[in-house]
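Below: one structure, written as structure tokens.
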Amino acid sequence: MHDTFLRQLTPSQKKAVLHVEGPLLVLAGPGSGKTRVIIYRIAALIDSGIQPYNICAITFTNRAADEMRQRAAALGASGGAHISTFHSLCVRILRRYAAQAKVQSNFSVYDDSDQKRCMKQAIKDCELDSSNFPPGRMLDAISSLKNQLIDADTFKAGVADFFSKILAEIYVRYQKLLSERNGLDFDDLLMKTAFLLRDSGDVCGELGERFKFLLIDEYQDTNHAQYTIARLLVSRHNNICATGDPDQSIYRWRGADVRNILAFENDWPDAKVVRLEENFRSAAAILEKADNLIAYNQKRKEKKLIPTKPYGKDVLVESFEDEVAEARAVAQQVKELSDKGASLSDIAVFYRVNAMSRGLEEAFIRHKIPYQVVRGIEFYRRKEIRDLLAYLKVLVNPDDEIALLRIINTPARGIGKITIDRVHSYAGRCNISVFEGLKKVEHIEALSKGAKAKLSAFADMLDEFKKDIDGPRFHGDRLVPAKAGIAPLAQRVFDESGLAESLRSEGADGQNALENVNELINSITAYDQQAEEPSLLDYIQQISLFSDVDGYDTSSERVALMTLHAAKGLEFENVFIVGVEHGLLPHERSTAGENDDELEEERRLLFVGMTRAKTGLYLSYARYRTIRGQMLRTIPSQFLFESGCDFAESASSCHSRESGNLYHDDNGNDNRSVPYFTVGQLVRHDSFGLGRVKEFIDMGEDSVVIIKFNTGRTKSLMVKYAGLSKMDGL
DNA sequence: CATAGCCGCCTTTTT
DNA sequence: GGCGGCTATG
């Protein structure tokens with residue numbers, strides 16, 4: 001290891017980097033240089049004679065994996081180390097050990113819309129009504145079962161109550177549909193891999209040999225299935241290095257179990273623990289507020305954020321009339337920062353829900369500020385992209401009925417619903433896939449002559465794509481990579497399927513779509529050049545895992561707009577967080593539960609957002625916000641008070657500015673209609689019971705009081721609606 | 001069989 | 001408010 005590298009590290013960082021054998025837990029606060037530590041650690045391992053081939057680093061997103069690969073390459077430590085997400089790794093493992101895992105190697109990876117379609121079908125097949133059993137809810141329930149590694153048969157065997165029995169039926173049926181279509185959903189990738197490693201000692205041993213060193217980043221957000229995979233992978237050598245921060249756990253709703261990181265030392269009793277508590281990113285003022293906020297979480301190990309930078313600018317909290325004014329103000333402030341020389345690529349705006357990007361985009365457009373919404377799925381969700389990918393999917397996996405039905409009449413080629421139904425039901429009767437049905441149209445009596453011809457022409461076209469291309473072909477159960485790469489094939493399919501033509505005839509929209517397809521083909525070209533073993537199969541299986549932050553281009557001179565969740569792992573000079581309002585952050589859906597777990601996760605979410613900022617942090621809320629077409633009065637988030645940000649003043653000044661001193665006349669006399677509360681006041685609420693006032697925000701009639709109730713819950717309430725009675729102190 | 005228009009459903013966060 | 005699915009019409 002070069003001294004020049006090591007000299008850049010603190011003593012704790014050095015300990016983590018130079019630790020070689022055995023389990024290591026790196027508890028790394030925000031901005032502690034964790035990513036750098038991981039990369040240097042990979043370099044140090046290689047330096048100490050370990051083959052890059054034997055190193056596997058797991059990141060949370062594909063974007064993070066890309067970045068890590070690049071930075072490792074810059075250190076000269078890239079060659080051969082496997083760096084990817086859990087899901088990507090599982091795809092490769094399942095493909096390689098398909099037989100042992102009891103899957104077919106050319107499986108389709110089903111994304112959420114495919115899943116939904118399958119689920120609807122499953123509910124229908126069970127002769128249930130999807131309004132009583134909403135597909136989304138059922139998928140959530142099944143997803144969490146899979147994350148717990150409970151498969152359909154096991155679940156079915158163990159259920160007693162009415163609802164669970166039905167869920168079990170649906171689960172079984174859903175899995176059957178997936179397997180008929182040779183599809184795996186995201187959770188299957190993890191579950192099947194965990195089962196494979198658990199049940200096949202040989203495979204587990206082989207992979208343990210291959211990955212002698214396992215590094216897992218964002219360990220606080222691993223779920224039980226991922227945890228099991230990790231445990232099994234390192235069971236022979238225990239060379240596991242987990243890095244993470246319990247305070248940044250924000251994916252509980254997706255099955256992430258923060259106990260994985262909390263129990264690391266129990267799981268690996270000889271673990272060495274390194275704490276990285278110094279923060280090299282943010283000004284002390286920002287850390288102080290973030291620290292204040294996170295300290296409100298009860299279920300938490302005490303931890304300090306140690307600043308290394310000067311105090312800097314105070315965190316700015318502003319309130320606005322509505323979301324339009326808020327967005328305009330953000331745009332204006334961005335403009336000012338930019339005029340002072342700030343780089344747009346170093347500015348970000350975070351919000352709680354994707355729907356909030358719209359208003360911000362409009363403001364940025366009006367102010368002519370370049371921006372990018374970091375939400376890569378958008379691209380792969382586009383119709384034209386999905387259409388072309390569906391063709392490629394069918395070429396890889398003919399049993400992928402969803403993809404096949406998508407393209408059978410796209411572009412329109414005169415194959416209507418009735419024709420499709422006839423083929424579909426014929427295939428069902430003969431117990432063959434729809435694709436096989438296409439080959440036997442002559443046997444389907446119900447079809448007209450014209451329909452038969454059209455179906456045959458379609459099937460021939462697919463065959464032609466398959467045959468004429470230079471691979472990929474199945475040799476046994478292995479797909480041989482296309483010699484010429486995937487891009488030319490994609491181009492050919494696009495041209496000859498009629499997709500290109502139909503877009504060209506559509507005018508402006510079609511033009512746009514054509515450009516998108518070009519972009520897709522460019523990205524396939526890039527894939528062809530950099531993939532380890534490019535094949536259509538690999539491409540199609542990996543592409544389904546790409547999403548969200550993955551498409552984020554850090555180098556372009558544009559302001560980044562993203563959700564707080566997507567902000568994880570990033571940093572910016574200036575950060576705006578909008579909509580810091582009760583009901584939005586914390587989100588209303590997370591304040592309904594019986595305990596504070598979800599509220600605490602919302603608090604961590606804001607904590608993550610705040611700690612992305614290096615020098616400037618701007619929090620804001622709107623007094624009115626239009627939600628689902630309805631203009632609603634909002635309440636500032638309790639988190640604003642908890643963070644100790646100075647803002648009550650801005651709230652009331654803003655208020656009096658626009659409403660002309662309704663509540664206080666110029667002499668400061670009080671003509672208010674709602675009572676004052678002082679901190680510490682004991683109060684009673686009709687449904688929440690006794691509690692103590694933690695904060696009071698004077699906004700006249702719209703004053704808000706934050707109360708910690710004896711039940712342990714903290715709520716912020718509008719005084720005028722809350723019906724609080726003051727109790728005498730005890 | 002294709003298309004346009006309407007109705008009703010969902011709506012947090014995402015690999 | 002937005003999308004998917006259904007229906008009525010050409």
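Order of the sequence lines sets the chain letters (A, B, ...), proteins ahead of strands, with each chain counted from 1. In this text the structure is predicted, and so the values were computed from the model without any measurement.
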**Request:** Using atom CD1 of A/I543 as one end and atom P of B/dT15 as the other, report the distance to the nearest whole Å.
**Result:** 13 Å

**Selection from B/dT14, C/dG5, B/dT15 that lies nearest to any side-chain heavy atom of A/Y251** = B/dT14

**Request:** Could you tell me whether the phosphate oxygens of B/dC1, OP1 or OP2, come under 4.0 Å of any side-chain nitrogen or oxygen in A/T419?
**Result:** yes

**Prompt:** Does the side-chain ring of A/W253 sit on the six-membered ring of the B/dT13 base, less than 5.5 Å centre to centre and under 30° in tilt?
**Reply:** yes

Can you name the atoms? Protein N/O to nucleotides 2-8 of chain B N/O, anything below 3.5 Å, with the distance.
from	atom 1	to	atom 2	distance (Å)
B/dA2	OP1	A/G414	N	3.2

**Item:** Residues in side-chain hydrogen bond (donor to acceptor under 3.5 Å, both in side chains) contact with A/D387, at least two apart in sequence or another chain
**Value:** A/K383, A/R406

**Item:** Rounded interatomic separation in angstrom, taking CD from A/E598 and P from B/dT13
**Value:** 15 Å

**Prompt:** How close or far is atom C1' of B/dT11 from atom CZ of A/R625, stated in whole angstroms?
**Reply:** 15 Å

**Distance test, side-chain N/O of A/S88 to OP1/OP2 of B/dT15, below 4.0 Å** = no

**Complete:** For A/D400, the salt bridge (Lys or Arg N to Asp or Glu O under 4.0 Å) test, sequence neighbours excluded, returns none

**Request:** Would you kindly give the CG-to-P distance between A/D112 and B/dT11, to the nearest whole Å?
**Result:** 12 Å

**Prompt:** Within the pair A/N354 and B/dT11, is there a side-chain N or O less than 4.0 Å away from OP1 or OP2?
**Reply:** no

**Message:** Under the rule for side-chain hydrogen bond (donor to acceptor under 3.5 Å, both in side chains), what residues qualify as partners of A/R366, not counting sequence neighbours?
**Reply:** none

**Prompt:** Partners of A/R358 by side-chain hydrogen bond (donor to acceptor under 3.5 Å, both in side chains), sequence neighbours excluded?
**Reply:** none

**Message:** Categorize A/L564 for me: base, sugar-phosphate, or nothing, with a 4.0 angstrom heavy-atom threshold over every strand shown.
**Reply:** nothing

**Request:** Measure the distance from CZ on A/R589 to P on B/dC10 and round it to the nearest whole Å.
**Result:** 11 Å

**Item:** Atom pair distance, as rounded to whole Å: CD in A/Q226 and C1' in B/dT15
**Value:** 8 Å

**Request:** Please state how far atom CZ in A/R358 lies from atom C1' in C/dC3, giving the value in whole angstrom units.
**Result:** 12 Å

**Prompt:** Looking at A/Y251, does the NZ or CZ of A/R254 lie under 6.0 angstrom from its six-membered ring centre and within 45 degrees of the ring axis?
**Reply:** yes

**Prompt:** Want to settle it: does A/I418 or A/G136 sit nearer the 5' end of DNA chain B, counting the closest nucleotide to each?
**Reply:** A/I418

**Request:** Take A/K454 and A/L605, find for each the nucleotide of DNA chain B with the closest heavy atom, and name the residue whose nucleotide sits nearer the 5' end.
**Result:** A/K454

**Prompt:** Just how far, in rounded Å, is P of B/dT15 from CG of A/L89?
**Reply:** 17 Å

**Request:** With A/R612 as the cation and A/F350 as the aromatic partner, state whether NZ or CZ is under 6.0 Å from the six-membered ring centre and within 45° of the axis.
**Result:** no

**Item:** Under-4.0 Å side-chain N/O to phosphate OP1/OP2 contact, A/N62 with B/dT15
**Value:** no

**Partners meeting salt bridge (Lys or Arg N to Asp or Glu O under 4.0 Å) with A/R252 (sequence neighbours left out)** = A/D597

